[in-house]
Amino acid sequence: MEYNFKELEAKWKKYWADNNVYKVNVDQSKPKYYVLDMFPYPSGAGLHVGHPLGYIASDIFARYKRLNGFNVLHPMGYDAYGLPAEQYAIQTGQHPAITTDQNINRYHEQLDKIGFCFDWSREVRTCDPIYYKWTQWAFTMMFNSFYCNSCQKAQPIEKLIKHFETEGTQNLDIAQSEELTFTAAEWNAKSEKEKQETLMNYRLAYLGETMVNWCPKLGTVLANDEVVDGVSVRGGYPVVQKKMRQWCLRVNAYAQRLLDGLQTIDWSESIKETQKNWIGRSEGTEVQFSVKDSDVKFTIFTTRADTMFGVTFMVLAPESDYVAQVTTADQKAAVDEYITYVKKRTERDRISDRKVTGVFTGSYAINPFTGEAIPIWVSEYVLSGYGTGAIMAVPAHDSRDYAFAKHFNLPIIPLIEGADVSEQSYDAKEGIVSNSPRAGVKPYIDFTLNGLTIKEAIAATKKYVKEHNLGRVKVNYRLRDAIFSRQRYWGEPFPVYYKNEMPYMVPADKLPLELPEISEYKPTEDGQPPLGRAQMWAWDEKNGKIVDKALVDNKTIFPLELNTMPGFAGSSAYYLRYMDNKNEEALVSKEANGYWKNVDLYVGGSEHATGHLIYSRFWNKFLFDMGVSSTEEPFQKLVNQGMIQGRSNFVYRIKDTNTFVSLNLKDQYDVTPIHVDVNIVSNDVLDLEAFKKWRPEFETAEFILEDGKYVCGWAVEKMSKSMYNVVNPDMIVEKYGADTLRMYEMFLGPVELSKPWDTNGIDGVHKFLKKLWRVFDGGLVEAKADAKELKSLHKAIKKITSDIENFSFNTCISQFMILLNELGDLKCNKKEIFEPVVVLLTPFAPHIAEELWHQMGHDTTVLDAAWPVFDEKNLVESSFNYPISFNGKTRFMLELPLDMDKAAVEKTVLENEQTQKYIDGKTIAKVIVVPGKIVNIALKG
RNA sequence: GCUCGAAUGGUGGAAUCGGUAGACACGAGGGACUUAAAAUCCCUUGGCUUCACGGCCGUGCGGGUUCAAGUCCCGCUUCGAGUACCA
C-alpha cells in the first residue's frame with residue numbers, strides 16, 4: 001500500500017483531539033517542562049512557510065521532553081491587538097474584533113494541519129476581556145508602587161506616603177523622574193492634588209511630560225523600538241519628536257536588575273549583548289559647575305572625570321531648563337533662533353546630516369578645578385534625555401567635542417602624555433595624565449593628577465569631588481522609561497479616570513474595564529484618540545460602573561482615559577496566564593505558578609530583543625516583587641529561530657514579444673526578467689501549461705526551451721505577495737503531508753539560521769518517509785537483533801538524543817536517513833529495532849510515527865512511549881582507526897583496540913607489515929603515540 | 001564609528017576535545033526496470049593529474065603555533081546583525 005499521508009494524518013489528528021492527548025494538568029508526580037512559542041499576531045495574510053519554523057522546533061522539543069517523562073506545558077495563543085486590524089477597520093468600518101476573529105480562525109486551522117501538540121484548552125487572546133483584565137490589573141499595581149533602590153524592589157506607594165508624612169524626602173533612595181526635596185511639614189501642607197502630582201514623580205506607572213516619537217500619519221505615539229531610521233516600523237511613515245503627556249512605565253528603575261539577570265539565563269550571546277547595549281550602563285561622576293556672576297549652578301555627567309583640567313567649554317542640550325537661566329540679554333535673540341531651528345529638525349534630519357551646530361549663551365562657568373571661566377554653549381549634539389542634559393567639553397579627548405571646538409575655534413588642551421591632537425582627538429582611555437594642572441600655571445586647588453594612569457586619575461578625581469562636595473559618583477543607564485500610551489482604539493483601555501485632572505485607578509474588583517463600542521475607528525475631529533467617540537465612557541465612582549459620558553459632573557462621575565495600551569502590554573505576562581487561563585480571581589493561582597514556575601524553553605525571533613524581551617522581563621520582575629510570579633526571570637532558555645526568506649523565480653521574455661527563453665539561452669536575446677509564481681515552478685523548471693493559465697496575457701506565450709525544459713532563474717528576496725514567492729504551508733501539506741513539511745523545514749539547516757525557502761530539496765525527506773513506510777508495509781518480524789543492527793540503532797539513539805538537546809535538528813534528520821540506509825543494507829525488518837526507531841521519529845513526524853506505532857500492535861498513543869535508552873555496550877567502539885603518519889604525512893589507517901596502552905600501540909604499529917614497508921631500512925628518529933588518536937613516526941635519512 | 005557574528009563543492013549544509021574535510025540531502029551525469037512515462041533501484045559526482053595503482057592541491061586572504069589546523073593565535077578582506085552624537 002502507498003504511503004497515504006492524507007488519510008493517515010487526518011486519522012491521527014482526529015484521534016489526538018478525541019482523546020485529549022495534548023491536554024496537560026498540574027501533576028506533582030512528574031517534573032514539569034514549559035515550552036513556549038512567541039504567540040503570533042494574526043495578520044490577514046495567513047501563515048507562510050516561514051512562520052512555523054520556530055513552532056516546529058519547539059514542538060519537536062516538547063514531544064521529546066514528553067517522551068522523556070516530563071509533564072510538558074506547550075500552549076499557543078494570539079497577540080490579537082494591533083494596528084493592521086485597526087487600519088482595516090478605519091477603511092471598511094468593520095469592527096476590528098471581527099477581522100481579528102476571522103484571522104485567528106484561519107491561523108488555528110493552518111496550525112492544526114501541521115500537527116502541533118498544543119494544549120488548545122489553554123489558548124489566550126490578548127483582546128479577550130477575561131485576559132486583559134489582568135493586563136489592566138498589573139498596570140494599576142504599577143501605578144500603586146514605587147521602586148526602592150536600597151532594597152532593589154518595588155514597594156506599595158502607601159509606604160512612601162507614610163515616609164513623606166514623617167520624614168519628607170530625607171533618607172530616601174528611590175527611583176524618580178526628577179530629584180525633589182521637601183520636609184514632612186511641607187508634604188503635609190500640600191493639597192490632595194499637589195500630593196498626587198508629587199507622587200507621580202515616583203510611581204512605576206506614571207503620567208509624564210515626555211518627548212515622544214509622534215507619527216502624524218498614524219496619529220499615534222510609537223515606542224523607540226517601533227521606530228527605525230526616523231520612520232515607523234509599521235508603514236514606514238515619518239516620525240517626529242513631540243512633547244506630550246503620556247503614561248510611562250519606570251523601566252529604568254529595573255535597569256540594574258535587568259542587566260544582572262542576563263547572567264542567570266541561557267540566551268544567545270548576541271541577544272544578551274544587544275540587551276546590554278540597550279540598557280547601556282555607564283559609571284561616571286556628576287560635577288557641579290557654578291555660573292560666573294550669577295547664583296545659577298548646574299550639574300554635568302562625565303565618565304572622564306580625569307579630564308577636569310582640559311575643559312574648555314560647556315554645552316547644554318537645547319531642551320535643557322538651564323538654557324533660559326544662563327542666556328544673557330545680548331545673546332537671547334541668537335539662542336532663541338537656534339532653538340527654533342533645532343525644534344524644526346526631525347530625528348531623520350539629525351541622522352542624515354550630522355553637521356556641527358550651536359550657539360554661545362553669553363555666560364561663563366567656573367571650572368572648580370582650575371578656576372577658569374569657560375564659555376557655555378548650546379548644541380543639539382547634547383541630548384536632554386541622557387545624564388543631566390549638560391556636559392563639560394574636553395575637545396582633546398572626545399571626538400564630538402573636538403569637532404565642535406574646531407568648528408567654533410575653541411581651545412584644545414591635551415592631557416595625556418604624548419597625545420597628538422592636531423588632527424583628531426585622542427579618545428582612548430590609555431596613557432599617563434599630564435597638564436593636570438598645567439606646568440607654570442599657578443594651581444587653583446591643591447590637587448594634581450599628573451603622572452597617574454587614566455584609571456587612577458578617574459578614581460582620584462571621584463574621591464576629590466565627593467570629599468569637597470562638588471558632586472557625586474553616579475551610574476547612568478541609557479535604557480529609557482517605556483511610553484505606554486497609544487492614541488488608538490484597538491488596544492487595552494486604561495482603567496483610569498480623571499478627578500480634578502489627576503488620574504485615579506478603577507478599583508481592581510471592577511476590572512476588566514471593557515473596551516467600548518464606537519461608531520468610527522479614527523481619531524475625533526478635535527484630535528482626541530478614537531475613544532473620544534465613545535458615548536458610554538465615564539466612570540461613576542460611587543457605584544463603580546461605566547456610565548454615559550454626558551453625565552460627567554466631576555463630582556461623582558468622571559471622564560475616563562482615552563488612550564489605550566501599546567502592543568507590548570498584552571504580551572508582557574502572557575506566559576503566566578497560560579498556566580491558569582480561566583482563573584477569574586487571579587492572574588495565575590499560587591498552585592499553578594508554583595508548579596509551572598517559568599518558561600524553560602522560549603522560541604521566537606531575535607527582532608524582539610529590545611522590545612518584548614525587555615518589557616516582559618521588566619513586567620515579570622515587577623510581578624515577582626509583588627509575589628505573583630515565583631521566578632525572577634520569565635524565560636530561562638531562549639532560542640532565536642532565523643527568518644525564512646523567499647526564493648523568487650524568473651522567466652525571461654524577449655523584448656516586445658510574448659516569447660520566453662530558458663535561463664541558459666537568455667544571453668542570446670534582449671530579455672526582461674519577470675517574476676513568476678513559484679508555485680508553478682518545480683526544481684526551477686516551469687510548468688508551461690500552468691504558466692499559460694496563470695495570467696491571461698500569457699495564454700498565447702511561446703517558449704524557447706533547453707533540453708525540452710524551460711529553466712527559470714532565481715533570486716533570494718523577502719517573502720512577499722508582490723514577488724510571487726510566497727509559499728503557503730497548506731500547499732506543502734496538501735502535496736507532501738505535514739510530516740514531510742516538518743522534517744523538511746528542520747532539514748533546511750540550523751534553526752537559528754536565516755535562509756531562503758527552497759522547495760527543491762523536499763523530495764529527499766519525502767522519499768525517506770516513503771522508504772520507511774515500505775519497510776513496515778513489507779511486515780516486521782519478531783527476531784533477535786544482531787550486533788550490527790543494534791550498533792546502527794544505538795548510534796542513532798546517541799546522536800539524535802544529543803542533537804535534540806543541542807537544538808540541532810537538521811543533523812537528526814541526516815541521522816535518520818543514515819539509519820534507514822544502514823538497516824536497508826542489513827535487510828533488517830525486525831520489530832526489536834524498528835520499535836525504538838518509531839519513538840525516535842515521533843517528535844519529527846508525529847503522524848506517521850503514531851500510525852506505525854499502532855501497526856506494531858500498541859493501542860495507546862506513541863507519546864506515552866518511553867524514549868529509547870542508549871546503551872554504550874551496543875556501540876562496538878572497541879577499536880580505533882589510527883592514522884599512521886610518516887614524517888607528518890598520513891600514509892594509512894590501522895584499526896587497533898581502544899583499550900591498548902601507549903606502549904602496546906607503539907609495538908603493534910612498528911611490527912605492522914605496512915609500517916615496515918615505509919620504514920624500509922631507515923632509522924626511526926622519533927615515535928609519537930597519542931592513545932586513541934594518532935601514531936606519528938619520524939624517519940631519519 | 002562601535003559591538004557581535006559569519007565565510008567550507010554547482011546548492012542547502014556535516015565535521016563533539018585540534019586527529020581520514022565535504023556526512024546527509026538536493027542538483028547534475030550514467031545505468032537498470034518499463035512500449036513509454038511516473039515511481040523505484042544501482043553507480044559516479046571538490047579541483048588538477050594519471051591508461052591504471054596512485055599523486056598533488058584544496059575550508060575568504062597573509063602569517064604563526066603544532067607530529068597534526070575548517071577548528072587555536074596574530075594581521076587583513078568581504079558579508080550579515082545590532083546600535084548610533086549616551087559625554
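Chain identifiers are assigned alphabetically (A, B, ...) following the order of the sequence lines, protein sequences preceding nucleic acid strands; residue numbering begins at 1 within each chain. In this text the structure is predicted, and so the values were computed from the model without any measurement.
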| query | Only one of A:Lys770, A:Glu745, A:Lys767, A:His766 forms a side-chain hydrogen bond (donor to acceptor under 3.5 Å, both in side chains) with A:Thr740, so which one is it? | reply |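 That would be A:His766; it is the only one of A:Lys770, A:Glu745, A:Lys767, A:His766 passing the side-chain hydrogen bond (donor to acceptor under 3.5 Å, both in side chains) with A:Thr740.
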Report yes if a side-chain nitrogen or oxygen of [X] is closer than 4.0 Å to either non-bridging phosphate oxygen (OP1 or OP2) of [N]; otherwise report no.
X        : N      : value
A:Arg774 : B:rC41 : yes
A:Lys767 : B:rC26 : yes
A:Asn760 : B:rU11 : no
A:Tyr386 : B:rA87 : yes

Which nucleotide, if any, forms a Watson-Crick or G-U wobble pair with [N], using both distances under 3.5 Å?
N      : answer
B:rU71 : none
B:rA84 : none
B:rC56 : B:rG47
B:rU65 : none
B:rG5  : B:rC79

Tell me which nucleotide among [options] gets nearest to the side chain of [X].
X        : options                : answer
A:Lys770 : B:rA39, B:rG13, B:rA25 : B:rA39
A:Thr811 : B:rA15, B:rC4, B:rG13  : B:rA15
A:Trp278 : B:rU40, B:rG13, B:rU83 : B:rU83
A:Asn810 : B:rA87, B:rA23, B:rG13 : B:rG13
A:Ser282 : B:rA25, B:rA23, B:rA87 : B:rA87
A:Val382 : B:rC4, B:rA87, B:rG13  : B:rA87
A:Phe301 : B:rA87, B:rC41, B:rC26 : B:rA87

| query | With nearest nucleotides of RNA chain B determined for A:Lys799 and A:Glu2 from heavy-atom distances, which residue corresponds to the more 5′ nucleotide? | reply |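 This one resolves to A:Lys799.
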| request: Select from A:Gly387 and A:Gly761 the residue whose nearest nucleotide in RNA chain B is closer to the 5' end of that strand. | output: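 The answer here is A:Gly761.
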| task | Indicate whether any N or O donor in one side chain lies under 3.5 Å from an N or O acceptor in the other, for A:Thr299 and A:Glu286. | result |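 Their side chains do not contain a donor-acceptor pair, so the 3.5 Å distance test is not met.
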| Pair A:Asp803-A:Ser808, side-chain donor/acceptor within less than 3.5 Å |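 There is no such pair (donor and acceptor under 3.5 Å, judged by atom type) between the side chains of A:Asp803 and A:Ser808.
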Please report the distance, rounded to the nearest Å, between [atom1] in [X] and [atom2] in [N].
X        : N      : atom1 : atom2 : result
A:Arg480 : B:rA84 : CZ    : C1'   : 12 Å
A:Ile762 : B:rG12 : CD1   : C1'   : 14 Å
A:Asp427 : B:rU3  : CG    : C1'   : 16 Å

| said: Under 4.0 Å, counting only non-hydrogen atoms across every strand here, what does A:Asn821 touch: a base, just sugar-phosphate, or nothing? | reply: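 Counting heavy atoms under 4.0 Å across all strands, the contact made by A:Asn821 is with sugar-phosphate only.
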| query | Can you check B:rC42 for me, syn or anti if syn means within 90° of 0? | reply |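 Anti conformation here, the glycosidic angle of B:rC42 being more than 90° from 0.
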| task | Check the chi torsion on B:rG10 and let me know: syn if it falls within 90° of 0, anti if not. | result |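 Judged by the O4'-C1' to base torsion, B:rG10 sits in anti, the angle falling more than 90° away from 0.
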| query | Ignoring hydrogens and geometry, is there a side-chain-to-backbone donor-acceptor pair from A:Tyr3 to A:Arg774 under 3.5 Å? | reply |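 Answer holds: no.
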